[in-house]
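Numbered from 1 within each chain, the chains take letters A, B, ... in sequence-line order.
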There are 2 protein chains.
Amino acid sequence: MATIRDVSKETNLSTGTISKAMNRPERVSQKNLDIVHTAIKKLNYKPNMLAKKFRSKTANAIIVLVPDIANLFFAKTIRGIESVARRAGYDVLIGETKGSVSKEEEFIRMVENLLADGVINLSPYVKCNSLLPRRGVFSVSANSCEETPYSSVRIDNVGAAYKIVSHLINLGHKRIGVISGLRENPHTLERMKGYLMALKDNNINFDQSLVVEGDFRYWSGLIAAEKFKNMEKCPSAIFCMNDSMALAAIRGFYDMGIQVPQDISITGFDDLEVSRYIAPQLTTIALPTEKIGEKSAEILIDMIHGNETDCQEYVFPYEFIIRESTANYIKSKT
Amino acid sequence: MATIRDVSKETNLSTGTISKAMNRPERVSQKNLDIVHTAIKKLNYKPNMLAKKFRSKTANAIIVLVPDIANLFFAKTIRGIESVARRAGYDVLIGETKGSVSKEEEFIRMVENLLADGVINLSPYVKCNSLLPRRGVFSVSANSCEETPYSSVRIDNVGAAYKIVSHLINLGHKRIGVISGLRENPHTLERMKGYLMALKDNNINFDQSLVVEGDFRYWSGLIAAEKFKNMEKCPSAIFCMNDSMALAAIRGFYDMGIQVPQDISITGFDDLEVSRYIAPQLTTIALPTEKIGEKSAEILIDMIHGNETDCQEYVFPYEFIIRESTANYIKSKT
DNA sequence: ATGAAAGCGCTAACAC
DNA sequence: GTGTTAGCGCTTTCAT
């Protein structure tokens, strides 16, 4: 494998000049630039990136911490991150944490070891077991919640939940169930807050028994639907904390002979692509997922470049999309 | 940040000894080992992995080339890869190619640049646009097809397709439709071959109009179902080339008032987790996805270590699972 | 078992 | 604009 020294000999130029020709071509004469380029081609010289990174102490890479790579929702954010990172010359490494703190630790260590310059975390901040923020590790939290103690990009979860539950209330629904995420999850908490606020503002009493805990995954929506069906008095509408569970609930009710939206209204959260394809199409909240990824990457790279160093927070607008899964409350039906 | 030199000073031992204490502890006296360890803790010394990789010319990392990170199917293989890679001390980097040759090129260059030691490709080999195998780049193809010109791990796609279609035929079906993957995809080709063989062995004529091209994704199964519904004579069974499309087809038919398996039998391929949760549960082929990932990683790491260098091929057994989506052909129904 | 010393391939002052 | 040179932090002979 040819080294910079070989190119130097071949061209009778110093290694310094070769190096500059590659990294700061504007500071090398055109004539020598040409000579270098032909020599590089001739020797099939490829810079040893390891040496380069080692020497310049910058990895030109960022790590994305994702709880679950099989989740379409995260995939879109990652795409956003990747598009801006690549454009800035950064590799993006994906680290699946599966919610495990020790895995997270491993990846964060990679940036401490200079294998990456910073990390974007796709899990919301949880006080008791968050490894970030960390001294010397540039990091930003994408799709985070309120009060994240480091730079973050998110939407107003409380407001979005408030909006969608209000929609249900305006449709005449009073018994509104919820299929939540894991109880202690920050997103669950914030969306619950919005739900509660909407109820309160409309003088509807909160009924804890109408809250069924899910885990944001499909099958938990299925199970939840069954629980609702078995209740003495099934709610006339259900606020699901994401689309996967909403889709599952629709399916579950359908199989039990309960029609959406005729018999029960259902709302989602996230606006997955499929949510438009299924029947009935899902009423939901659309997040600017890809944009969130892009912005996160921009912020992180800015931090790495030594610009914006202090904790920033970007709140993106969401979109409330009324489709077919919600309808007016009809007394006789329930 | 403390360096190995700092530890050396702190302990009054040479850097060489410190290095050995970390990498070949058996060649250092227990006494000094203890001294080194306490010094390391005291100084909070963390080896600079970049320097280490640079010096030892091995990245201790492998790249997984995946067409689509949002695909559960790939996710499971990646998990298999990761578990054995990590155990062997290798990082695994995930590179999403989106089927783009230039993206693939970028990642392969990473291993040429010594940022990774090898690559595992999750897309099957296609002669005209495959960048692998490549001189000096250790690579293995996971979930590949026949005639992959480099080390590969796969199942017998032809046999599996033959098996599942035969099952349909044994149930009395004669008009058997197929929802395929993209026409030129190697998996499509092999599964088609199995379908054709099963037909032939049972003296059923092949009818090209019964083949609807999909793209392995959910929505394409939905569209295909509609096409079948609009046919003059809808088949009584459909062989889908993966579970996603089968699930979609079931859903599509359901919405159009066609029941599975009463009115039409449907089979899948892959055995996704959800395929067990939906109603009717899917008759399908289960692949040892995770095992395929594990074996691929083992082979690659062996290659990197300089053991098995020549092209290997592992064919894993698949599992044929009969569940609820297939039933006997009943004349009156169609 | 340990230490001394020579680099790995590259970049970045600094001098010219 | 170009060359010289001194390392980056680590591993690895080779003596001892």
### Query
Taking atom CZ of Phe74(B) and atom CG of Asn143(B), what is their separation to the nearest 0.5 Å?
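It comes to 7.0 Å.
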### Task
Could you tell me which residues satisfy salt bridge (charged side-chain N to carboxylate O under 4.0 Å, His left out) with Glu82(A), sequence neighbours excluded, listed by chain and number?
Arg86(A), Lys103(B)
### Query
In terms of side-chain geometry, is the basic nitrogen of Glu105(B) or Arg134(B) positioned less than 4.0 Å from the acidic oxygen of its partner?
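Result for this pair is yes, salt bridge flagged.
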### Between Thr17(B) and Ser14(B), a side-chain donor and acceptor under 3.5 Å
yes
### Message
For chain A and DNA chain D, what are the first and last nucleotides along the strand, 5' to 3', with at least one atom under 4.0 angstrom from a heavy atom of the protein chain?
### Response
dG1(D) to dG9(D)
### Task
Not counting sequence neighbours, which residues clear side-chain contact (heavy atoms from CB on, under 4.5 Å) with Lys52(B)? List them please.
Asn23(B), Met49(B)
### Query
Can you pull the salt bridge (Lys or Arg N to Asp or Glu O under 4.0 Å) pairs that have at least one residue in residues 296-307 of chain B, sequence neighbours excluded?
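Passing the test, one end in residues 296-307 of chain B: Lys295(B)-Glu298(B).
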### Query
Which residue pairs satisfy the salt bridge (Lys or Arg N to Asp or Glu O under 4.0 Å) criterion with at least one member in residues 142-152 of chain A, sequence neighbours excluded?
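Qualifying pairs, neighbours excluded: Glu146(A)-Lys193(A).
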### Query
Rounded to the nearest Å, what distance is computed from the CZ atom of residue Arg27(A) to the P atom of nucleotide dA12(C)?
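These atoms are roughly 10 Å apart.
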### Message
Looking at Ser130(B) and Leu132(B), would you say the former's side chain and the latter's main chain have a donor-acceptor pair under 3.5 Å?
### Response
no
### Task
Using a heavy-atom cut-off of under 4.0 Å over every strand shown, decide if Asn12(A) touches base, sugar-phosphate, or nothing.
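Touches sugar-phosphate only.
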### Query
Contact class for Leu13(B) vs. all strands (heavy atom < 4.0 Å): base, sugar-phosphate, or nothing?
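It contacts sugar-phosphate atoms only.
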Protein N or O to nucleotides 7-11 of chain C N or O, pairs below 3.5 Å:
| from | atom 1 | to | atom 2 | distance (Å) |
| --- | --- | --- | --- | --- |
| dG7(C) | N2 | Arg55(B) | NH1 | 2.4 |
| dG7(C) | N3 | Arg55(B) | NH1 | 3.4 |
| dC8(C) | O3' | Lys57(B) | NZ | 3.1 |
| dC8(C) | O2 | Arg55(B) | NE | 3.4 |
| dG9(C) | OP1 | Lys57(B) | NZ | 3.3 |
| dC10(C) | OP1 | Tyr45(A) | OH | 2.7 |
| dC10(C) | OP1 | Asn48(A) | N | 3.0 |
| dC10(C) | OP2 | Ile4(A) | N | 2.4 |
| dC10(C) | N4 | Arg5(A) | NH1 | 3.2 |
| dT11(C) | OP1 | Asn23(A) | ND2 | 3.1 |
| dT11(C) | OP2 | Ser19(A) | OG | 2.8 |
| dT11(C) | O2 | Arg55(A) | NH1 | 2.6 |

